[in-house]
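Remarks on the structure that follows.
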Amino acid sequence: MNTVLSRANSLFAFSLSVMAALTFGCFITTAFKDRSVPVRLHVSRIMLKNVEDFTGPRERSDLGFITFDVTADLENIFDWNVKQLFLYLSAEYSTKNNALNQVVLWDKIVLRGDNPKLLLKDMKTKYFFFDDGNGLKGNRNVTLTLSWNVVPNAGILPLVTGSGHVSVPFPDTYEITKSY
Amino acid sequence: MIVSSALMIWKGLMVITGSESPIVVVLSGSMEPAFHRGDLLFLTNRVEDPIRVGEIVVFRIEGREIPIVHRVLKIHEKQNGHIKFLTKGDNNAVDDRGLYKQGQHWLEKKDVVGRARGTDTVDSVIPPANSGTVELRNCVPIKKFVPYIGIVTILMNDYPKFKYAVLFLLGLFVLVHRE
(Lines give C-alpha, C1' and ligand atoms only; values in the text may rest on other atoms or scores of the structure.)
Protein backbone atom coordinates (compact mmCIF):
# COMPACT_ATOMS: atom_id res chain seq x y z
CA MET A 1 0.00 0.00 0.00
CA ASN A 2 2.80 2.35 -0.73
CA THR A 3 2.06 3.55 -4.24
CA VAL A 4 -0.75 5.71 -5.52
CA LEU A 5 -1.68 2.98 -7.97
CA SER A 6 -2.12 0.21 -5.40
CA ARG A 7 -4.08 2.54 -3.12
CA ALA A 8 -6.31 3.56 -6.00
CA ASN A 9 -6.71 -0.11 -6.87
CA SER A 10 -7.84 -1.17 -3.38
CA LEU A 11 -10.08 1.87 -3.06
CA PHE A 12 -11.71 1.00 -6.35
CA ALA A 13 -12.13 -2.67 -5.40
CA PHE A 14 -13.60 -1.69 -2.04
CA SER A 15 -16.10 0.76 -3.49
CA LEU A 16 -17.18 -1.86 -6.04
CA SER A 17 -17.83 -4.34 -3.23
CA VAL A 18 -19.77 -1.73 -1.25
CA MET A 19 -21.92 -0.89 -4.26
CA ALA A 20 -22.54 -4.57 -4.90
CA ALA A 21 -23.61 -5.04 -1.28
CA LEU A 22 -25.91 -2.02 -1.45
CA THR A 23 -27.50 -3.27 -4.66
CA PHE A 24 -28.06 -6.67 -3.09
CA GLY A 25 -29.51 -5.03 0.04
CA CYS A 26 -31.87 -2.98 -2.11
CA PHE A 27 -33.02 -6.17 -3.79
CA ILE A 28 -33.37 -8.41 -0.73
CA THR A 29 -35.29 -5.92 1.43
CA THR A 30 -38.11 -5.70 -1.08
CA ALA A 31 -37.98 -9.10 -2.75
CA PHE A 32 -40.89 -10.70 -0.89
CA LYS A 33 -43.38 -7.86 -0.69
CA ASP A 34 -46.90 -8.42 -1.92
CA ARG A 35 -47.35 -6.08 -4.86
CA SER A 36 -51.07 -6.59 -5.40
CA VAL A 37 -53.85 -4.08 -4.69
CA PRO A 38 -57.61 -4.22 -5.35
CA VAL A 39 -58.76 -2.82 -8.69
CA ARG A 40 -62.23 -1.76 -9.81
CA LEU A 41 -62.99 -2.16 -13.49
CA HIS A 42 -66.18 -1.26 -15.30
CA VAL A 43 -67.07 -1.53 -18.98
CA SER A 44 -69.58 0.98 -20.27
CA ARG A 45 -69.71 0.26 -24.03
CA ILE A 46 -68.94 -2.67 -26.26
CA MET A 47 -69.11 -2.71 -30.05
CA LEU A 48 -68.07 -5.33 -32.57
CA LYS A 49 -67.07 -5.00 -36.20
CA ASN A 50 -65.63 -7.39 -38.76
CA VAL A 51 -62.97 -5.88 -40.96
CA GLU A 52 -59.71 -6.75 -42.68
CA ASP A 53 -56.94 -6.76 -40.08
CA PHE A 54 -54.92 -3.77 -41.26
CA THR A 55 -52.45 -4.11 -38.41
CA GLY A 56 -51.10 -7.39 -39.64
CA PRO A 57 -52.35 -10.45 -41.53
CA ARG A 58 -54.88 -9.10 -43.99
CA GLU A 59 -57.75 -11.44 -43.19
CA ARG A 60 -61.23 -10.49 -42.13
CA SER A 61 -61.20 -10.61 -38.34
CA ASP A 62 -63.37 -9.49 -35.48
CA LEU A 63 -62.53 -6.01 -34.21
CA GLY A 64 -63.83 -5.11 -30.76
CA PHE A 65 -64.29 -1.65 -29.26
CA ILE A 66 -64.53 -1.22 -25.51
CA THR A 67 -65.02 1.85 -23.34
CA PHE A 68 -63.97 1.27 -19.76
CA ASP A 69 -63.38 2.83 -16.34
CA VAL A 70 -60.50 1.97 -13.98
CA THR A 71 -60.18 2.77 -10.29
CA ALA A 72 -57.14 1.70 -8.29
CA ASP A 73 -54.93 3.05 -5.53
CA LEU A 74 -51.33 2.09 -6.26
CA GLU A 75 -49.77 4.04 -3.42
CA ASN A 76 -48.84 1.03 -1.27
CA ILE A 77 -46.85 -0.60 -4.02
CA PHE A 78 -44.23 2.13 -4.33
CA ASP A 79 -41.16 2.00 -2.09
CA TRP A 80 -37.46 2.85 -2.38
CA ASN A 81 -36.89 -0.02 -4.78
CA VAL A 82 -39.78 0.54 -7.19
CA LYS A 83 -38.77 2.72 -10.11
CA GLN A 84 -42.00 2.48 -12.07
CA LEU A 85 -45.11 0.41 -12.67
CA PHE A 86 -46.03 -0.61 -16.18
CA LEU A 87 -49.81 -0.99 -16.06
CA TYR A 88 -51.67 -2.88 -18.74
CA LEU A 89 -55.30 -3.75 -19.26
CA SER A 90 -55.61 -7.11 -20.97
CA ALA A 91 -58.55 -9.04 -22.35
CA GLU A 92 -58.46 -12.82 -22.02
CA TYR A 93 -60.86 -15.14 -23.81
CA SER A 94 -61.01 -18.40 -25.66
CA THR A 95 -62.34 -19.12 -29.15
CA LYS A 96 -62.90 -22.04 -31.50
CA ASN A 97 -59.63 -21.23 -33.25
CA ASN A 98 -57.45 -20.69 -30.20
CA ALA A 99 -57.72 -22.12 -26.71
CA LEU A 100 -56.23 -19.00 -25.12
CA ASN A 101 -56.09 -15.44 -26.37
CA GLN A 102 -54.69 -12.48 -24.50
CA VAL A 103 -54.73 -8.98 -25.95
CA VAL A 104 -53.35 -5.87 -24.28
CA LEU A 105 -55.89 -3.10 -24.89
CA TRP A 106 -54.34 -0.23 -22.98
CA ASP A 107 -51.21 0.49 -21.01
CA LYS A 108 -49.77 3.27 -18.87
CA ILE A 109 -46.49 3.95 -17.17
CA VAL A 110 -46.66 5.25 -13.59
CA LEU A 111 -43.32 6.47 -12.29
CA ARG A 112 -42.35 6.79 -8.63
CA GLY A 113 -43.47 10.31 -7.76
CA ASP A 114 -46.42 10.40 -10.15
CA ASN A 115 -49.93 10.49 -8.72
CA PRO A 116 -50.50 6.87 -7.62
CA LYS A 117 -54.28 7.12 -7.46
CA LEU A 118 -55.79 5.90 -10.69
CA LEU A 119 -59.24 7.25 -11.47
CA LEU A 120 -59.92 6.97 -15.18
CA LYS A 121 -63.37 7.19 -16.75
CA ASP A 122 -64.64 6.53 -20.28
CA MET A 123 -61.27 5.40 -21.57
CA LYS A 124 -60.90 4.19 -25.13
CA THR A 125 -58.53 1.35 -25.86
CA LYS A 126 -55.03 2.29 -27.00
CA TYR A 127 -54.52 -0.74 -29.21
CA PHE A 128 -56.84 -2.32 -31.74
CA PHE A 129 -58.69 -5.31 -30.35
CA PHE A 130 -58.35 -7.65 -33.31
CA ASP A 131 -59.05 -11.33 -32.83
CA ASP A 132 -57.20 -14.04 -34.72
CA GLY A 133 -60.28 -14.97 -36.69
CA ASN A 134 -63.94 -14.38 -35.89
CA GLY A 135 -64.02 -15.52 -32.28
CA LEU A 136 -65.37 -12.39 -30.60
CA LYS A 137 -68.83 -12.61 -32.12
CA GLY A 138 -71.19 -13.96 -29.52
CA ASN A 139 -68.35 -14.65 -27.12
CA ARG A 140 -69.94 -14.67 -23.71
CA ASN A 141 -66.85 -14.57 -21.62
CA VAL A 142 -64.17 -11.97 -22.33
CA THR A 143 -62.38 -11.19 -19.08
CA LEU A 144 -60.64 -7.86 -18.56
CA THR A 145 -57.95 -7.56 -15.90
CA LEU A 146 -55.57 -4.81 -14.90
CA SER A 147 -52.03 -6.05 -14.25
CA TRP A 148 -48.71 -4.37 -13.73
CA ASN A 149 -45.04 -5.06 -14.14
CA VAL A 150 -43.10 -3.81 -11.14
CA VAL A 151 -39.78 -2.38 -12.36
CA PRO A 152 -37.33 -2.15 -9.43
CA ASN A 153 -34.04 -0.30 -9.12
CA ALA A 154 -32.41 -3.67 -8.52
CA GLY A 155 -34.11 -7.03 -8.32
CA ILE A 156 -36.83 -9.16 -9.77
CA LEU A 157 -39.39 -7.90 -12.32
CA PRO A 158 -42.65 -9.46 -11.16
CA LEU A 159 -45.92 -9.38 -13.06
CA VAL A 160 -48.75 -8.74 -10.63
CA THR A 161 -52.46 -8.97 -11.39
CA GLY A 162 -54.76 -6.63 -9.54
CA SER A 163 -57.54 -8.30 -7.62
CA GLY A 164 -60.75 -7.40 -9.38
CA HIS A 165 -61.64 -8.25 -12.94
CA VAL A 166 -64.70 -7.94 -15.10
CA SER A 167 -66.14 -10.40 -17.61
CA VAL A 168 -68.10 -9.01 -20.51
CA PRO A 169 -70.14 -10.66 -23.25
CA PHE A 170 -69.64 -9.55 -26.82
CA PRO A 171 -72.64 -8.87 -29.09
CA ASP A 172 -73.94 -11.50 -31.51
CA THR A 173 -74.06 -9.12 -34.45
CA TYR A 174 -71.64 -6.82 -36.19
CA GLU A 175 -72.02 -3.07 -36.16
CA ILE A 176 -72.06 -1.80 -39.73
CA THR A 177 -73.23 1.76 -39.51
CA LYS A 178 -71.96 3.43 -36.32
CA SER A 179 -68.41 4.65 -36.11
CA TYR A 180 -66.64 4.60 -32.76
CA MET B 1 -7.42 -18.40 -11.06
CA ILE B 2 -9.71 -15.40 -11.22
CA VAL B 3 -10.47 -16.00 -14.86
CA SER B 4 -11.32 -19.66 -14.35
CA SER B 5 -13.61 -18.99 -11.37
CA ALA B 6 -15.35 -16.21 -13.32
CA LEU B 7 -15.80 -18.60 -16.22
CA MET B 8 -17.20 -21.26 -13.90
CA ILE B 9 -19.72 -18.83 -12.43
CA TRP B 10 -20.76 -17.73 -15.92
CA LYS B 11 -21.21 -21.28 -17.20
CA GLY B 12 -23.06 -22.25 -14.02
CA LEU B 13 -25.44 -19.36 -14.57
CA MET B 14 -25.99 -20.50 -18.14
CA VAL B 15 -27.06 -23.94 -16.93
CA ILE B 16 -29.30 -22.66 -14.11
CA THR B 17 -31.15 -20.15 -16.21
CA GLY B 18 -31.20 -22.22 -19.40
CA SER B 19 -30.24 -19.13 -21.37
CA GLU B 20 -27.20 -18.78 -23.60
CA SER B 21 -26.53 -15.29 -22.26
CA PRO B 22 -27.92 -15.01 -18.74
CA ILE B 23 -26.72 -11.47 -18.08
CA VAL B 24 -26.98 -8.83 -20.76
CA VAL B 25 -26.56 -5.07 -21.06
CA VAL B 26 -29.27 -2.83 -22.48
CA LEU B 27 -27.90 -0.88 -25.42
CA SER B 28 -30.74 1.37 -26.61
CA GLY B 29 -33.70 3.31 -25.29
CA SER B 30 -36.75 1.59 -26.73
CA MET B 31 -37.82 0.25 -23.33
CA GLU B 32 -37.47 3.52 -21.45
CA PRO B 33 -38.18 4.52 -18.75
CA ALA B 34 -37.99 0.94 -17.47
CA PHE B 35 -34.56 0.14 -18.91
CA HIS B 36 -31.96 2.68 -19.86
CA ARG B 37 -28.71 2.19 -21.69
CA GLY B 38 -26.24 0.56 -19.36
CA ASP B 39 -28.75 -1.37 -17.26
CA LEU B 40 -28.18 -5.04 -16.65
CA LEU B 41 -30.86 -7.61 -17.34
CA PHE B 42 -30.91 -11.12 -15.89
CA LEU B 43 -32.58 -13.62 -18.19
CA THR B 44 -34.00 -17.11 -17.88
CA ASN B 45 -35.20 -19.33 -20.68
CA ARG B 46 -37.24 -22.10 -19.16
CA VAL B 47 -39.20 -23.60 -22.01
CA GLU B 48 -42.02 -24.83 -19.73
CA ASP B 49 -42.86 -21.26 -18.69
CA PRO B 50 -45.79 -20.21 -20.85
CA ILE B 51 -45.53 -16.88 -22.68
CA ARG B 52 -48.14 -14.43 -21.39
CA VAL B 53 -48.88 -10.78 -22.15
CA GLY B 54 -46.98 -8.19 -20.15
CA GLU B 55 -43.85 -10.32 -19.97
CA ILE B 56 -40.58 -8.95 -21.24
CA VAL B 57 -39.07 -11.37 -23.74
CA VAL B 58 -35.76 -11.45 -25.51
CA PHE B 59 -36.11 -12.64 -29.07
CA ARG B 60 -34.11 -12.91 -32.23
CA ILE B 61 -35.56 -12.25 -35.66
CA GLU B 62 -34.73 -14.89 -38.25
CA GLY B 63 -31.68 -13.86 -40.15
CA ARG B 64 -30.67 -11.15 -37.68
CA GLU B 65 -27.96 -11.61 -35.09
CA ILE B 66 -28.97 -9.01 -32.54
CA PRO B 67 -31.52 -10.00 -29.88
CA ILE B 68 -34.30 -7.55 -29.01
CA VAL B 69 -35.88 -7.03 -25.59
CA HIS B 70 -39.53 -5.96 -25.78
CA ARG B 71 -42.85 -6.61 -24.07
CA VAL B 72 -45.48 -9.12 -25.23
CA LEU B 73 -48.61 -7.35 -26.44
CA LYS B 74 -50.82 -10.13 -27.79
CA ILE B 75 -50.88 -13.91 -27.68
CA HIS B 76 -52.97 -16.54 -29.48
CA GLU B 77 -52.40 -20.04 -28.18
CA LYS B 78 -53.90 -23.18 -29.66
CA GLN B 79 -55.09 -26.25 -27.76
CA ASN B 80 -51.88 -28.10 -28.56
CA GLY B 81 -49.72 -25.39 -26.98
CA HIS B 82 -48.57 -23.77 -30.24
CA ILE B 83 -48.42 -20.05 -29.56
CA LYS B 84 -47.99 -16.97 -31.73
CA PHE B 85 -47.41 -13.58 -30.20
CA LEU B 86 -46.74 -9.92 -30.93
CA THR B 87 -44.31 -7.60 -29.15
CA LYS B 88 -43.80 -3.86 -28.68
CA GLY B 89 -41.19 -1.68 -27.03
CA ASP B 90 -42.56 0.47 -24.20
CA ASN B 91 -41.02 3.60 -25.66
CA ASN B 92 -42.06 2.87 -29.25
CA ALA B 93 -45.28 4.21 -30.71
CA VAL B 94 -46.07 1.10 -32.76
CA ASP B 95 -45.75 -2.64 -32.35
CA ASP B 96 -42.80 -4.60 -33.69
CA ARG B 97 -44.34 -5.83 -36.96
CA GLY B 98 -42.10 -3.34 -38.75
CA LEU B 99 -39.08 -5.09 -37.27
CA TYR B 100 -40.07 -8.63 -38.08
CA LYS B 101 -39.09 -10.36 -41.32
CA GLN B 102 -40.91 -9.39 -44.50
CA GLY B 103 -44.32 -11.06 -44.37
CA GLN B 104 -43.87 -12.22 -40.77
CA HIS B 105 -46.72 -11.10 -38.52
CA TRP B 106 -46.07 -13.11 -35.37
CA LEU B 107 -43.26 -14.44 -33.26
CA GLU B 108 -43.14 -18.04 -32.07
CA LYS B 109 -41.54 -19.89 -29.18
CA LYS B 110 -38.54 -20.77 -31.31
CA ASP B 111 -37.66 -17.08 -31.70
CA VAL B 112 -37.39 -16.54 -27.93
CA VAL B 113 -33.90 -16.44 -26.44
CA GLY B 114 -34.89 -15.61 -22.85
CA ARG B 115 -37.26 -13.86 -20.47
CA ALA B 116 -36.17 -10.78 -18.46
CA ARG B 117 -36.58 -11.69 -14.81
CA GLY B 118 -34.44 -9.16 -12.96
CA THR B 119 -32.73 -5.86 -13.46
CA ASP B 120 -29.92 -3.78 -12.09
CA THR B 121 -30.25 -0.09 -12.76
CA VAL B 122 -27.24 2.00 -13.58
CA ASP B 123 -27.07 5.76 -13.81
CA SER B 124 -25.61 6.06 -17.25
CA VAL B 125 -23.60 9.00 -18.45
CA ILE B 126 -23.81 7.87 -22.05
CA PRO B 127 -26.08 10.06 -24.18
CA PRO B 128 -29.17 8.22 -25.47
CA ALA B 129 -28.86 6.49 -28.82
CA ASN B 130 -31.64 6.17 -31.42
CA SER B 131 -34.65 4.33 -30.10
CA GLY B 132 -35.91 1.42 -32.08
CA THR B 133 -34.55 -1.79 -30.76
CA VAL B 134 -32.96 -2.67 -27.48
CA GLU B 135 -29.76 -4.35 -28.48
CA LEU B 136 -27.79 -6.52 -26.16
CA ARG B 137 -24.22 -7.56 -25.80
CA ASN B 138 -22.76 -10.04 -23.36
CA CYS B 139 -21.52 -8.40 -20.22
CA VAL B 140 -17.84 -8.92 -19.47
CA PRO B 141 -18.21 -11.54 -16.70
CA ILE B 142 -15.65 -10.26 -14.24
CA LYS B 143 -18.15 -9.30 -11.54
CA LYS B 144 -21.91 -9.62 -11.75
CA PHE B 145 -24.33 -7.34 -9.85
CA VAL B 146 -21.85 -4.53 -10.00
CA PRO B 147 -23.11 -1.16 -11.14
CA TYR B 148 -21.25 0.69 -13.90
CA ILE B 149 -19.93 -2.45 -15.58
CA GLY B 150 -22.75 -1.85 -18.05
CA ILE B 151 -21.19 1.44 -19.08
CA VAL B 152 -17.90 -0.28 -19.80
CA THR B 153 -19.63 -2.72 -22.12
CA ILE B 154 -21.41 0.10 -23.94
CA LEU B 155 -18.18 2.06 -24.34
CA MET B 156 -16.50 -1.02 -25.70
CA ASN B 157 -19.30 -1.49 -28.20
CA ASP B 158 -19.47 2.10 -29.36
CA TYR B 159 -15.73 2.69 -29.52
CA PRO B 160 -13.94 -0.49 -30.58
CA LYS B 161 -10.52 1.12 -30.05
CA PHE B 162 -11.45 1.38 -26.36
CA LYS B 163 -12.13 -2.37 -26.30
CA TYR B 164 -8.69 -3.13 -27.71
CA ALA B 165 -7.11 -0.72 -25.24
CA VAL B 166 -8.87 -2.44 -22.32
CA LEU B 167 -7.86 -5.90 -23.53
CA PHE B 168 -4.29 -4.75 -24.03
CA LEU B 169 -4.13 -3.21 -20.56
CA LEU B 170 -5.68 -6.33 -18.99
CA GLY B 171 -3.13 -8.53 -20.73
CA LEU B 172 -0.31 -6.24 -19.61
CA PHE B 173 -1.61 -6.27 -16.03
CA VAL B 174 -1.77 -10.08 -15.94
CA LEU B 175 1.80 -10.32 -17.21
CA VAL B 176 3.22 -7.64 -14.94
CA HIS B 177 1.37 -8.49 -11.70
CA ARG B 178 3.67 -10.39 -9.45
CA GLU B 179 1.41 -12.37 -7.05
Side-chain angles (χ1 to χ4, degrees), chain A residues 9 13 15-17 19-24 26-27 31 53 55-59 81 83-92 94-105 107 109 111 127-133 135 145 147-161, chain B residues 31-36 39-44 50-56 71-88 90-91 93-98 100 103-106 115-123 142-149 173 176-177:
Chain A
N9 181 41
S15 42
L16 281 187
S17 316
M19 283 204 274
L22 276 179
T23 307
F24 185 71
C26 212
F27 155 58
D53 186 348
T55 63
R58 292 192 165 275
E59 304 152 358
N81 197 20
K83 210 168 47 162
Q84 75 167 53
L85 292 182
F86 184 89
L87 303 165
Y88 55 100
L89 181 79
S90 55
E92 183 171 324
S94 111
T95 63
K96 250 188 14 236
N97 242 355
N98 295 296
L100 175 68
N101 303 277
Q102 289 183 330
V103 183
V104 172
L105 301 175
D107 55 39
I109 293 179
L111 298 169
Y127 305 110
F128 284 106
F129 190 176
F130 270 111
D131 180 39
D132 177 35
T145 44
S147 314
W148 46 89
N149 191 198
V150 181
V151 180
N153 280 100
I156 310 213
L157 294 154
L159 283 180
V160 181
T161 306
Chain B
M31 279 294 279
E32 283 186 10
F35 307 131
H36 297 265
D39 288 352
L40 295 176
L41 285 179
F42 306 106
L43 313 178
T44 64
I51 300 175
R52 295 289 174 254
V53 288
E55 289 189 353
I56 302 174
R71 203 180 289 275
V72 176
L73 192 70
K74 237 184 168 208
I75 66 161
H76 294 292
E77 183 172 352
K78 294 220 182 280
Q79 190 76 31
N80 59 13
H82 178 262
I83 191 168
K84 60 187 188 191
F85 60 98
L86 177 64
T87 56
K88 174 181 171 293
D90 290 351
N91 206 21
V94 296
D95 60 41
D96 290 344
R97 286 207 164 114
Y100 299 164
Q104 180 186 9
H105 296 294
W106 304 97
R115 231 76 70 82
R117 292 275 181 241
T119 181
D120 189 11
T121 303
V122 169
D123 277 321
I142 297 177
K143 270 192 176 163
K144 17 165 218 167
F145 288 92
V146 179
Y148 292 101
I149 200 107
F173 177 72
V176 163
H177 198 68

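Letters go in sequence order (proteins before strands), and every chain restarts at 1.
Judged as a ring-ring contact (aromatic ring centres under 6.0 Å, His included), and not counting sequence neighbours, the contacts of A/Phe129 are A/Tyr93, A/Phe170. A/Asp53 pairs by the salt bridge (Lys or Arg N to Asp or Glu O under 4.0 Å) definition with nothing, not counting sequence neighbours.
Taking 4.5 Å as the limit, some side-chain heavy atom of A/Asp131 sits within range of a side-chain heavy atom of B/His76. At a threshold of 4.5 Å between non-hydrogen side-chain atoms, the residues B/Lys78 and A/Asn97 count as touching. Using a 4.5 Å cut-off on side-chain heavy atoms (C-beta onward), A/Val103 and B/Lys74 make contact. Side-chain contact between B/Leu86 and A/Tyr127 is absent, with no heavy atoms from C-beta onward closer than 4.5 Å. The side-chain heavy atoms of A/Gln102 and B/Val72, taken from C-beta on, include no pair separated by under 4.5 Å.
At a 4.5 Å heavy-atom cutoff, the contact between A/Thr55 and chain B is made by backbone and side-chain atoms alike. Residue A/Leu111 touches chain B through its side chain alone, counting heavy-atom pairs closer than 4.5 Å. For A/Val104, the parts lying near chain B are the backbone and the side chain together; criterion is any non-hydrogen pair under 4.5 Å. Only the side chain of A/Ser90 comes within less than 4.5 Å of a heavy atom in chain B; its backbone stays farther off. Contact annotation for B/Ile56: only side-chain heavy atoms (C-beta onward) come within less than 4.5 Å of a heavy atom of chain A. Looking at A/Leu159, the atoms closer than 4.5 Å to chain B (heavy atoms on both sides) all sit in the side chain, from C-beta outward.
Among A/Asn149, A/Ile109, A/Thr95, the residue making the largest number of heavy-atom pairs under 4.5 Å with chain B is A/Asn149. Between chain A and the residues B/Lys88, B/Gln79, B/Arg97, B/His82, the largest count of heavy-atom pairs under 4.5 Å involves B/Arg97. Contacts with chain B were tallied for A/Asn101, A/Leu22, A/Leu105; A/Asn101 has the most, counting heavy-atom pairs under 4.5 Å.
Using modelled atom types, one side-chain atom of A/Gln84 and one backbone atom of B/Ala34 make a donor-acceptor pair closer than 3.5 Å.
Minimum interatomic distance between A/Leu157 and B/Ala116 (heavy atoms only, all atoms of both residues): CD1-O, 3.8 Å. Contact between A/Pro57 and B/Trp106 at its shortest, heavy atoms only, is CG-NE1, 4.2 Å.
Taking the charged nitrogens against the carboxylate oxygens, A/Asp132 and B/Lys84 do have a contact shorter than 4.0 Å, which makes a salt bridge.
A/Thr161 contributes atom OG1, which lies 11.5 Å from atom CZ of B/Arg52 (distance to the nearest 0.5 angstrom). With rounding to the nearest 0.5 angstrom, the CG atom of B/Asp90 is 7.0 Å from the CG atom of A/Asp107.
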